[in-house]
Structures are given as C-alpha cells and as structure tokens.
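Below is one structure, written out as structure tokens, with a few remarks after it.
All of these numbers come straight from a predicted model, not from anything done at the bench.
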Amino acid sequence: MLNVEKKDADFITPNFKTKVSRKARFKIKWKTIQWLMDYKKDAIETLVRKYDDIIEKYKKDRNKTITKIEFHHLMGSIGLGGEKTVVDKLFYVLDDDGSGDIDYRELIMGLELFHESPFE
C-alpha cells in the first residue's frame with residue numbers, strides 16, 4: 001500500500017543531482033531533447049522563429065540570469081506559455097550547469113542547439 005504521508009523527497013532537485021551520475025544526467029538531457037524534437041516540433045519551431053527576439057531581450061545585460069519563473073514568462077510572450085511541460089523541459093535543457101538559472105551563455109548555446117538542429 002502506498003504511504004500517502006511520505007513526501008517525494010528523493011525527487012527534490014538538489015537530492016536528484018547528487019544521486020545521478022554526470023553521464024546519466026547527460027543521457028537524460030539528450031533524451032529530453034529527442035522527446036522535444038519528436039513530439040513538440042511545433043513548439044521548437046516557434047522557439048526557432050522567435051530566436052532573434054529572445055536573444056535581443058537578453059543581449060543588453062549578459063550578466064543577468066533567467067530564473068525559471070522569468071523563463072515561463074518569456075516563453076509565454078512568444079506563445080509557448082500554455083505548455084508547462086514543454087517549458088519545463090526546455091528550461092532543464094538550457095540550464096546546462098543545473099544551477100536553477102539560465103545565464104546568457106547557456107541561453108545562446110541551448111537556442112543554437114535547436115536553431116541549427118541537425119535532428120531533421
């Protein structure tokens with residue numbers, strides 16, 4: 001029988017990071033990218049179409065980081081706000097260092113991954 005009192009403490013991000021090897025995190029990230037490319041191609045195409053708008057918004061202050069909440073607002077402004085699962089997966093992919101924020105370098109590198117996508 002399930003213990004409904006017990007919290008899912010094992011799935012809190014800091015705990016999750018310490019229990020999963022770097023190689024496994026890399027594999028999970030690539031599986032996430034593959035899922036996005038296979039099942040959410042329309043969202044990725046929207047992201048690519050709005051690439052310049054996204055970069056322009058953050059180019060002025062390259063030291064600024066984007067929190068998960070700000071990222072959700074940003075994705076909403078380009079028409080992806082209604083797809084929370086997609087936005088969460090995109091945030092996971094773009095947050096390369098797992099800090100919980102996306103810095104300018106991570107944003108550029110991640111968007112370039114989809115912009116110059118060889119997955120077609």
Side-chain angles (χ1 to χ4, degrees):
M1 178 175 229
L2 285 173
N3 183 355
V4 292
E5 298 289 321
K6 186 176 178 184
K7 300 283 183 192
D8 290 331
D10 291 338
F11 295 103
I12 296 172
T13 306
N15 293 345
F16 185 68
K17 285 183 208 170
T18 59
K19 294 182 180 183
V20 177
S21 71
R22 183 180 180 141
K23 183 177 178 181
R25 280 196 316 268
F26 181 78
K27 187 174 182 177
I28 291 167
K29 192 164 285 212
W30 277 105
K31 290 283 187 183
T32 302
I33 292 168
Q34 183 179 15
W35 180 87
L36 286 164
M37 297 302 290
D38 289 346
Y39 298 106
K40 295 298 181 178
K41 195 169 194 83
D42 56 331
I44 299 304
E45 287 171 356
T46 299
L47 187 68
V48 170
R49 270 195 321 274
K50 301 290 185 169
Y51 175 86
D52 291 332
D53 297 336
I54 296 168
I55 298 302
E56 192 60 37
K57 188 169 191 156
Y58 290 96
K59 187 170 28 174
K60 294 172 188 159
D61 186 3
R62 293 180 182 196
N63 294 324
K64 184 180 188 322
T65 59
I66 305 168
T67 66
K68 194 168 193 175
I69 293 170
E70 291 170 331
F71 188 72
H72 275 270
H73 290 298
L74 174 64
M75 293 297 106
S77 73
I78 64 166
L80 294 177
E83 300 191 50
K84 185 176 180 341
T85 302
V86 172
V87 175
D88 286 342
K89 288 182 183 302
L90 283 170
F91 188 87
Y92 172 73
V93 169
L94 296 177
D95 183 18
D96 192 44
D97 63 1
S99 66
D101 292 326
I102 300 171
D103 62 33
Y104 186 76
R105 183 196 61 78
E106 291 172 325
L107 180 67
I108 297 297
M109 303 260 306
L111 290 176
E112 281 294 322
L113 173 74
F114 294 112
H115 191 257
E116 301 293 332
S117 174
F119 300 113
E120 299 190 32

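In terms of heavy atoms, G110 sits closest to L94 at CA-CD2, 3.2 Å. Among all heavy-atom pairs drawn from K41 and M37, the shortest one is CB-O, 3.8 Å.
You'll find the side chain of L90 reaches within 4.5 Å of the side chain of I44, heavy atoms only. Looking only at side-chain heavy atoms (C-beta outward), K68 and D101 stay at 4.5 Å or farther from each other. Using a 4.5 Å heavy-atom threshold, the side chains of Y104 and I66 count as separate. Residues M109 and L113 fail the side-chain proximity criterion, which asks for heavy atoms closer than 4.5 Å. Within the 4.5 Å cutoff, no side-chain heavy atoms of F71 are placed close to those of D95. Between D96 and R105 the shortest side-chain heavy-atom distance falls below 4.5 Å. In this structure the side chain of I28 reaches within 4.5 angstrom of the side chain of T32, judged on heavy atoms. The shortest side-chain heavy-atom distance between I54 and K57 does not fall under the 4.5 Å cut-off.
The CD1 atom of I69 lies 14.0 Å from the CG atom of L74; values are rounded to the nearest 0.5 Å. One finds the NZ atom of K31 at 12.0 Å from the CZ atom of F26 (value rounded to the nearest 0.5 Å).
Under the side-chain hydrogen bond (donor to acceptor under 3.5 Å, both in side chains) criterion, K64 pairs with E70, sequence neighbours left out. Scored by the side chain to side chain contact (heavy atoms under 4.5 Å, CB included) test, Y51 finds I55, L111, E112, H115 as partners (sequence neighbours excluded).
Pairs passing the salt bridge (charged side-chain N to carboxylate O under 4.0 Å, His left out) check and including a residue from residues 78-87, sequence neighbours excluded, read K40-E83, K84-D88.
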Should W35 and T85 be marked as a side-chain contact (heavy atoms from CB on, under 4.5 Å) after you check the CA-CA gap, both sets of side-chain angles, and the distance that decides it?
CA-CA 11 Å; W35 180 87; T85 302; 4.3 Å; yes
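Side-chain atoms of K89 do not come within 3.5 Å of backbone N or O of L36 as any donor-acceptor pair.
Counting non-hydrogen atoms of other residues, nucleotides and ligands closer than 6.0 Å to NZ of K29 gives a total above 12.
Here the options are T46, D52, D53, the test is side chain to side chain donor-acceptor pair (under 3.5 Å), and the partner is R49; only T46 passes.
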